[in-house]
Every structure is written in C-alpha cells, then in structure tokens.
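The structure presented is a predicted model; accordingly, all values stated were derived computationally and were not measured. Naming convention: chains lettered A, B, ... in sequence-line order (proteins, then strands); numbering from 1 in each chain.
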Amino acid sequence: MNKSKDFLRRKVEEDLKAGKYQEIITRFPPEPNGFPHIGHAKSISINFGIARDYQGRCNLRMDDTNPTTEDTQYVEALKDAVQWLGFEWDKDVHYTSDYFFKLYAYAKELISMGKAYVDSLPEEQMREYRGTVTQAGKRSKYAQRSVEENLELLEQMKNGKFQEGEHVLRAKIDMASPNMKMRDPLLYRIKHSHHFRAGDEWSIYPMYDFAHCLSDYLEGVTHSICTLEFENNREIYDWVLDTLKLEPPRPYQYEFARLNINYTVMSKRKLLELVEKKLVNGWDDPRLPTIAGLRRRGYTPESILNFCEQIGVAKANSVVDVAQLEFSIRSDLNPKVPRVMCVLDPLKVTIGNYDGKEELEASYYPHDVPKEGSRRLPFSKEIYIERDDFMENPTKGYFRLTPTQPVRLKHAYIICCKEIIKDEHGNIVEIKAEYYPDSKSGEDTSGIKVKSAIQWVEANEAKEIEVRLYDRLYINESPQNIDDLNPNSLKIVKNALIEPAVITQKPDVRFQFEREGYFFADPVDYTDKKPVFNKIVALKEASSQKKKTPQNRQKQEPKKVQIDGEVTPMTKEEEAKFEKYINELKLNPEVANTLARDKQLSSFYEEALESLFTPVGIANIVTNDIARELKQKDISALKYTPKQVAKLIEMVDNEIISTKIAKQVFEEMSKSGEEPRQIVDSKGLIQISDPSVLLPIIEEIIVKNPDNVEKYRAGNNKLFGFFVGQVLKATKGKGNPKVVNSLIEDRLNIIN
RNA sequence: UGGGGUAUCGCCAAGCGGUAAGGCACUAGUUUUUGGUACUGGUAUUCGGGGGUUCGAAUCCCUCUACCCCAUCCA
C-alpha cells in the first residue's frame, strides 16, 4: 500500500535496527475526562498501529492524575472506543493512579538528590516569580529548605496536613530557562478531592510532567507519542528520567500534529458546550465528531481507520477536508451494503393502463458488487416516486421524468407522463402515467431508450419510516463559536416511504438508498413500529447535479509580494571583516557576510587559511558544511582541525576528488577525525576523469533507458540530470561530474 | 518580545544532493437499468520569499516572512 513511512515509523525502524530496544512498546494515554473523538482515533491508530506493524505491544493507560475532572464513565467510553476500532491493549488497562506509590518514591528520591523542594509561595506570587517569556524568573526562598525539611513537608502534604494551595513540590531546575516549562515545574499539588480509583488515600496528586514520563518508563514504553503542544514538555520529560538515573532503556517522546477537520470542532471545551447547551442531542449525536456520534451515524470502524491511514502523520498543523472522511465511508460501504429503494418526498403516480398487481424479483446488489441476495418488490398501478424526479418544465440536461421524457422505474417498467394533477395552489399532487408492458426489467423488448432509472415504492405495501438527514454541523470551514452552527444540520423526514423488505427481512443495518446515499438503522431509536434511519453520507454527486458550483476557485491570485524584513546591522568589527573578505580575499559578498557575522566561523576560516591560501574554496566549505555542524554542536566538539579542512580543499583544487566526493570525505572526517587524504586513499575515492572509463558506462545507461533518451531528445531537459545521476551512481560518485556532463551531452546529441 | 516548532497542488502528504510519489477534491472520456461504482486519461517547469554553495538544490548554508505552541497548583 503506502510504501512511504511516516517519521514515527522511520524512527522506530531506526531504533530497532540500532538495537536500542528489544521490543516496541507504545501506549495510548488519554485522560478520562471527556468522550473520545476522531482525534483520539488518530492517536489510537498511530499507537496501536505502530505496535502491530513492529510486533510490539500497546498499552491503554488512563492518565488519571487530576481527580477533580475525571470519572469512570469516561474510562468506559475510552475502552469502548479502542475496542470498537478493533484494537486490543496489552494486558489490563493501566492507570497512572496504579503508580502513585512508585511516583511518590521517585519524588522523595529527587528531594534527596537536592533536585526538588517544597515551595510555599502563594499561587499568585509563584506566577510572578516565574517571569515572562522574555524575562528570567527568580527562585523562591523556600528552595533553600533542607532535604530533611522537604521530606517531612512532603510526607505531611501527602497525609493531608495542609490546605490545598499551601504547598507544592517543585523540581529544582532553572528559573531563568528560556523554556518556561523548565522554570522549576510543579511535581505535586495538594488536592483533597476524591479520586475515582484511588479513593481518599492521597491528598497530593502528581502533575502530568512528573507522572507521564515515569509511567511510560515503568511500563517499559519505548516510544511515547503525543501531540505537538507537548513539544516544550519534552525537556522536562528527559530531565526527570535522566536526573533519576534510571536503568536503561528509557522511553523518548515524539510529537505529531493533532487532527483537525473542517466544518467541525474537535476541542473538548467546544464539544462540551454543544452538548450542555443542547445544541446537539448528547455525546452520541450523529453530527458530532465523537466516536459515539460517528458510530451512531453509521460510520464503520474500518472507514475511520482507513481515514486515519490516508491522512498520514506529520508535524505540520493542518486541517483535513471532510470530503476525505466522507470518501472513506463511501468506499467502505459501496462494496458491502444492499441497495434498496426509499422515497423521501413522495409524489403519487397512477399508472392508468396497469391492472392488478405483481411482485418483481430484484437483487440487493448492483452488477458490480459480487454479492448474492434479492427481495421481491410489490408493484401495482399506484406508486410513489421522488418529487425531484419529475419536472414539468425541465432544465437542460435533466434526465428524469418530464411530460415528454419517459423514465424507467428501477427493477420495473418504463413509464411516461400523461397528465399532471395540481391542487388549487398550483402544486403538483399527482402524475397520471402509462407504462409500456413490454419494457419489464430484464425482459425489455420495447426498444425505448431512457436516460435514467429512478427509485419508487408501491403505495399500499410501502412502509413509513423516519429518516434523519444530517449535514455538516457548522456553516463555516473553520468555526469559531456557536454562531457558526449550520441551522440545517439536522432535517427530520417523518413520513418517508420504503419498500417493505427492508423492514420485514432486515437484510442489514446499513443500506444504500438507491440514488440517495448510505443510511443506518438508528441503534437507539429504531423500533419495528417506528423504524428510524440515519443518513450516513450522500452518494457522490456528478458535477451536472451540483446545485452550487463551488465557484471555480479563482485561479492563481497574483503572487503575494513578500516584503523582506530588516536585517540587523553589522557591528563595526564585523563590518571590518566583511570588507576585508570581499576586497582582499575576493569572497562573494553573501559568503563574506555569513562568515563575518559568525565569530566561530570566521576564526576557523582564518586559521584554515594559514595552512592553505585558497580563500574562496575554504570559505565555501566553512560557510556551508561547517556551519551546519555548528548548528548541532559546539566548535570544540569538532573532530577535525582547520588544517584538515584545508587539506581537503587542496585535493579538490588539484582535481584529485570532486566536490561531491569532498562532501562525502568531509562527513567521514567529521565522524572519525581521520586525515582526508587517508580517507580518500583507503576508500579509493579518487575521481575518474578518463573518458575511456566513463564512456562505456554512459553507453550502458543510455541503452538501458531508451524511453528517457527519447523524452530528453523530445525536449525534456530535466532528464539530463537523470543521466548524470545514473552515471555517478554507477561510479559510486567517483565520476568527474564535469567530464561526465560533457560526455553525456555529446552522446545524447548524437542521433543514434 | 525569549524559546520550541512548521511551511511541497484547492485539502492531506511522500521526498533526506541526481526524472516533484500517492490519496482526496477537481476535470475529460469509456462502461453502467444508481447523474453511484469501476476503468482510462488530465491536472506543481516547481517546493513560503530572496540570496549563496554545487556540474546539479524541495533537499546543504545565510537571511527574511507567515502561522502554531509555551508564563494552569490542566493534561
């Protein structure tokens, strides 16, 4: 299927290959304080999916560290969601509250190490002390407390000796850290609430940042996957595990972008508001993106899993088009469910020349769905068709019944309109029609060609049903608040008519109502007396059908002109260097600029120049490759000297190696610190410039790729790079690219 | 404003110095007793902008821009 791996799976594979872990263990760790939605499904799909793909395990862990918001009903909903999606968690459900004692022991250990303290600053003051994003904070005076005092205080906190807010336990890290999360984060706070599992045993509860990493560690989790907003928390995650010097292997945290879908909301807060203000009918309202809602709407687990796979996993904040979700349910249902006929807005048709009644055999599945099954359709002179399927004054391109255009009744006869009956307001109330006796479905000898076949039901045998038609919940693509709600998101049709077999035979719970869409027997409100169906999704509409052409998107808006911001001016010293570089050393201003502005770079550069005076060549490697290294590590950590770099450039200048190989040698050198010449010799990297060696290789590649040669000669110049690339690949990068280029050019321009 | 992230088609998303994958959406055609499905085509001379390095850059360097996250005793 998708042969490209996402960044998480790539990381897992890398770790497995490196032998970092014996087995992959992931976890899905929701806080049981709300109902799961399709965003949870994405996380479930990732965590359980990775475990499955790499023969690992995935835990389901309730992150229940805040007793005031959590409840067992959510635990059940969460478990249910995972199971419904078809996953099995490893062993029993885990709870962070299971680890309260262990976590407490770790906390005492941190205190003993002098890495944590009980702070007693009032909440407001603590906030002030934290500083701001631009200003460093300052540490509380309570950070001075002795280990013994801290231990004593924590014990008392645990035993409920204090009021909420009186004390907290904090990690002693760095009140001046540029990462706000690292300014002595809270580890424990006092809460006298009743915990739904731990009861009243604890008066202190661990904070996320303390509990999560350790819970992962205790469970042997290898890859702790969470959403982007925890990026800043990763540093604490690492700090806690590293500071406690836990026995390896330890877990590492990775973040992905949470799911957003247009025309709906995903945040707990907004979902809750909809339910509480009764703007929807509970958490399982089929318009909601909750698992319960989707499920009641009729979405299948497969369709949701497919959706999650389709949209992929990445780190860019994005909004997925609902059309993608709709596609996933349609394509899941299309080959599975029976087709039946239902009329939502009935228009009576009386077939004047038909007498009596009969039953027609009709397959549940169309010719392209390889499934068996059929039912009998009662037929008589009185039937109903969809009001939309008749037009007195048809628009151009209308395929269905008109005063002059016949239409086929699906599985039955072709009819034509003879008379239109209207009421006193001019509304059409009935069509008088006639049928063609020799046009019966399957044995049609009439020779009449119709443009369309429409659904219908027999008047006396049809069953009345309620149909709930759902549309997108919001009118806006990115809804802000309840003003953006779609007033027509739910339309209830009380008296729709459906063929009897659906009710009496009950061949399935999901159906395609022919030409309408996919529908699901509502699992809550459906009774034999009053059947209720939910519309899952409409059929895809052909373009000519579309009411509102989503106005052909204004093609290419004039490209926005980006205005460059101001560049911070150089200092005098930098300016002097810059002048020297361009004037004396003849460097390109751009290169000179980067060099002059970076002290480490320029000093490295100048030192290298002392061993070999090739100002331009050395400048290039310093500003490009060495600059890259310096982003990762300090200059003192470099394994090579300026002199070695000079040696490398010397080889390029003397055409012993190509610039391409130089990159390779550089990489090797930065890993091992070996002398460049030695690397070149031991690996045999000297470049090949001899045409007599190169030519046969080129010839072979040209013979192997006749179609590309063709395309190139037809004017596809991009392909030139392809040939160069192939030759270089064949020579393991050693071909002299300049020579290769000119040889290929010559060769390709010879017409055979 | 300090720090951490992200930017590739209308929407997702591969790509990791050598021919810009794929899906959705859109579009044209074929098949069709669903204006459905299926099938066959068409859709990025270009990767947020500008420079630089290189024989060759979406990929490396510099710089600018836009958006997201962080100052809960929430997770």
Side-chain angles (χ1 to χ4, degrees), chain A residues 2-4 6 30-31 33 63 65-66 69 123 126-127 130-135 137 164-165 168 177-181 183 186 188-191 207-208 212 228-235 255 257 262 310-312 314-321 323-324 327 330 334-335 339 366-369 399 408 410-411 441 444 450-455 512 514-516 539-545 553 560-567 588 590-591 593-594 597 620-621 623-625 627-628 658-660 663 708 711 716 718-726 728-729 736-738 740-742:
Chain A
N2 222 353
K3 59 180 174 213
S4 54
D6 57 76
E31 182 188 13
N33 71 344
D63 206 3
T65 57
N66 185 0
T69 57
E123 203 174 329
M126 203 179 288
R127 212 187 336 268
R130 194 144 29 218
T132 68
V133 284
T134 44
Q135 287 171 305
E164 289 188 10
V168 292
S177 171
N179 179 356
M180 295 296 294
K181 295 269 181 198
R183 321 253 253 231
L186 269 61
Y188 272 95
R189 79 291 213 187
I190 297 170
K191 264 184 198 284
M207 303 290 290
Y208 166 87
H212 204 94
L228 247 29
E229 64 267 31
F230 292 99
E231 274 171 329
N232 296 318
N233 300 60
R234 187 174 58 228
E235 209 176 339
E255 310 88 11
N262 56 11
Q310 288 288 319
I311 58 172
K315 295 194 75 154
N317 286 312
S318 56
V319 182
V320 177
D321 195 335
Q324 187 100 27
F327 169 80
R330 279 193 205 106
N334 176 54
R339 270 61 168 176
H367 63 98
D368 49 6
V369 172
F399 288 179
R408 173 174 294 281
K410 178 101 184 173
H411 301 299
S441 187
D444 183 356
V450 290
K451 287 186 175 153
S452 180
I454 62 171
Q455 73 273 30
Q512 186 191 107
E514 204 106 25
R515 302 207 306 130
E516 278 297 336
L539 254 32
K540 197 175 156 185
E541 288 176 278
S543 44
S544 56
Q545 270 283 89
R553 39 186 74 93
K560 274 181 221 146
V561 182
Q562 259 189 32
I563 298 154
D564 270 12
E566 228 164 279
V567 180
N588 160 331
E590 201 55 44
V591 172
N593 184 43
T594 25
R597 282 170 181 278
N620 286 340
I621 192 168
T623 40
N624 289 293
D625 302 75
R628 177 177 65 241
S658 63
T659 48
K660 187 185 173 77
K663 298 247 180 206
N708 278 344
K711 279 192 228 164
N716 189 345
K718 282 185 290 189
L719 252 20
F720 192 78
F722 163 75
F723 289 109
V724 178
Q726 290 298 307
L728 254 36
K729 204 169 158 190
N736 180 334
K738 286 181 195 167
V740 170
N741 266 287
S742 74

Could you tell me whether Val133(A) contacts a base, only the sugar-phosphate backbone, or nothing, with contacts defined as non-hydrogen atoms closer than 4.0 Å?
base
Taking only side-chain N and O atoms of Arg189(A), does any of them lie within less than 4.0 angstrom of OP1 or OP2 on C74(B)?
yes
Can a donor-acceptor pair under 3.5 Å be found between the side-chain atoms of Asn741(A) and the base atoms of C55(B)?
yes
What is the base-pairing partner of G41(B), counting Watson-Crick and G-U wobble geometry with both distances under 3.5 Å?
U27(B)
Quick one: do the Glu235(A) and Ser177(A) side chains pair a donor with an acceptor below 3.5 Å?
no
Could you tell me the Watson-Crick or G-U partner of C67(B), where both distances fall under 3.5 Å? Say none if there is no partner.
G5(B)
Would you say Arg183(A)'s side chain and Thr132(A)'s backbone share a donor-acceptor pair under 3.5 angstrom?
yes
Examine distances only and state if a side-chain atom of Asn179(A) and a backbone atom of Asn232(A) form a donor-acceptor pair shorter than 3.5 Å.
yes
Watson-Crick or G-U counterpart of C47(B), or none if no pair lies under 3.5 Å:
none
Would you indicate what Arg130(A) reaches in the nucleic acid, counting non-hydrogen atoms under 4.0 angstrom: base, sugar-phosphate, or nothing?
sugar-phosphate
Check every strand shown and say whether Lys660(A) touches a base, only sugar-phosphate, or nothing at a heavy-atom separation below 4.0 Å.
base
The answer to which of Pro178(A) and Gly165(A) contacts RNA chain B further toward the 5' end, by nearest nucleotide, is Pro178(A)
Base, sugar-phosphate, or nothing: which does Val319(A) touch, judged by heavy atoms less than 4.0 Å apart?
sugar-phosphate
Taking any heavy-atom pair under 4.0 Å as a contact, classify Thr594(A): base, sugar-phosphate, or nothing.
sugar-phosphate
Is it the case that G50(B) (base atoms only) and Asp564(A) (side chain only) share a donor and an acceptor within less than 3.5 Å, ignoring hydrogens and angles?
no
Quick check on RNA chain B: between Glu590(A) and His212(A), whose nearest nucleotide comes earlier from the 5' end?
Glu590(A)
Could you check whether Tyr188(A) gets within reach of a base, just the sugar-phosphate, or nothing at all, counting any heavy atom under 4.0 Å?
nothing
Given side chains that start at C-beta, do those of Val168(A) and Met126(A) come closer than 4.5 Å, heavy atoms only?
yes
Have a look at Gly565(A) and say if it touches a base, only the backbone sugar-phosphate, or nothing, with a 4.0 Å heavy-atom cut-off.
sugar-phosphate
Looking at U34(B), does its base get a donor-acceptor pair with the side chain of Gln455(A) below 3.5 Å?
no
Under 4.0 Å between any heavy atoms, over every strand shown, what does Val724(A) touch: base, sugar-phosphate, or nothing? Just pick one.
base
Is there a donor and acceptor pair, one atom on the side chain of Asn624(A) and one on the base of G52(B), closer than 3.5 Å?
yes
Within the 4.0 Å heavy-atom criterion, would you say Asp368(A) contacts the bases, only the backbone, or no part of the nucleic acid?
base
For Arg628(A) and U63(B), give me the distance from atom CZ to atom P, rounded to whole Å.
16 Å
What's the CG-P distance between Asp625(A) and C61(B), to the nearest Å?
9 Å
Donor-acceptor pair under 3.5 Å, Glu541(A) side chain vs G35(B) base:
no
Please check: side-chain N/O of Asn334(A) versus main-chain N/O of Arg330(A), any donor-acceptor pairing under 3.5 Å?
no
Nearest-nucleotide pick for Asn232(A), side chain only, options being A25(B), U34(B), C70(B):
C70(B)
Spacing between Lys738(A) atom NZ and U54(B) atom P, to the nearest angstrom
9 Å
Face-to-face stacking of Phe399(A) with G35(B), centres under 5.5 angstrom, angle under 30°:
yes
Looking at every strand, decide which applies to Ser742(A) at a 4.0 Å heavy-atom threshold: base, sugar-phosphate, or nothing.
nothing
Has the side chain of Thr623(A) got a donor or acceptor that lies under 3.5 Å from a partner of the other kind on the base of U53(B)?
no
Which part of the nucleic acid, if any, lies within reach of Ile311(A) when heavy atoms closer than 4.0 Å are counted: base, sugar-phosphate only, or nothing?
sugar-phosphate
Would you classify Arg597(A) as touching base, sugar-phosphate or nothing, given that sugar-phosphate means primed atoms plus P, OP1 and OP2, and contacts are heavy atoms under 4.0 Å?
nothing
Describe the nucleic acid contact of Lys181(A) in one word from base, sugar-phosphate, nothing, applying a heavy-atom distance below 4.0 Å.
base
Are Arg597(A) and Asn593(A) close enough that a side-chain donor and a side-chain acceptor fall under 3.5 Å?
yes
Ignoring hydrogens and angles, does a donor from either the side chain of Arg515(A) or the base of U34(B) sit under 3.5 Å from an acceptor on the other?
no
Using OP1 and OP2 only, check whether a side-chain N or O of Ser318(A) sits under 4.0 Å from C11(B).
no
Side chain of Lys540(A), base of U34(B): donor and acceptor closer than 3.5 Å?
no
What is the distance from CZ of Phe230(A) to C1' of C69(B), rounded to the nearest Å?
11 Å
Validation row: Thr65(A), His212(A) side chains within 4.5 angstrom (heavy atoms):
no
Roughly how many Å is it from CZ in Phe722(A) to P in G17(B), rounded to a whole number?
18 Å
Reckon Thr69(A) touches a base, only the sugar-phosphate, or nothing at all at heavy-atom distances under 4.0 Å?
nothing
Given Leu539(A), which partner from the list Glu516(A), Glu514(A), Gln512(A) fulfils the side-chain contact (heavy atoms from CB on, under 4.5 Å) test?
Gln512(A)
Rounded to whole Å, the CD-P distance (Glu235(A) to C70(B)) equals 16 Å
Separation between the C1' atoms of A25(B) and C70(B), rounded to whole Å
36 Å
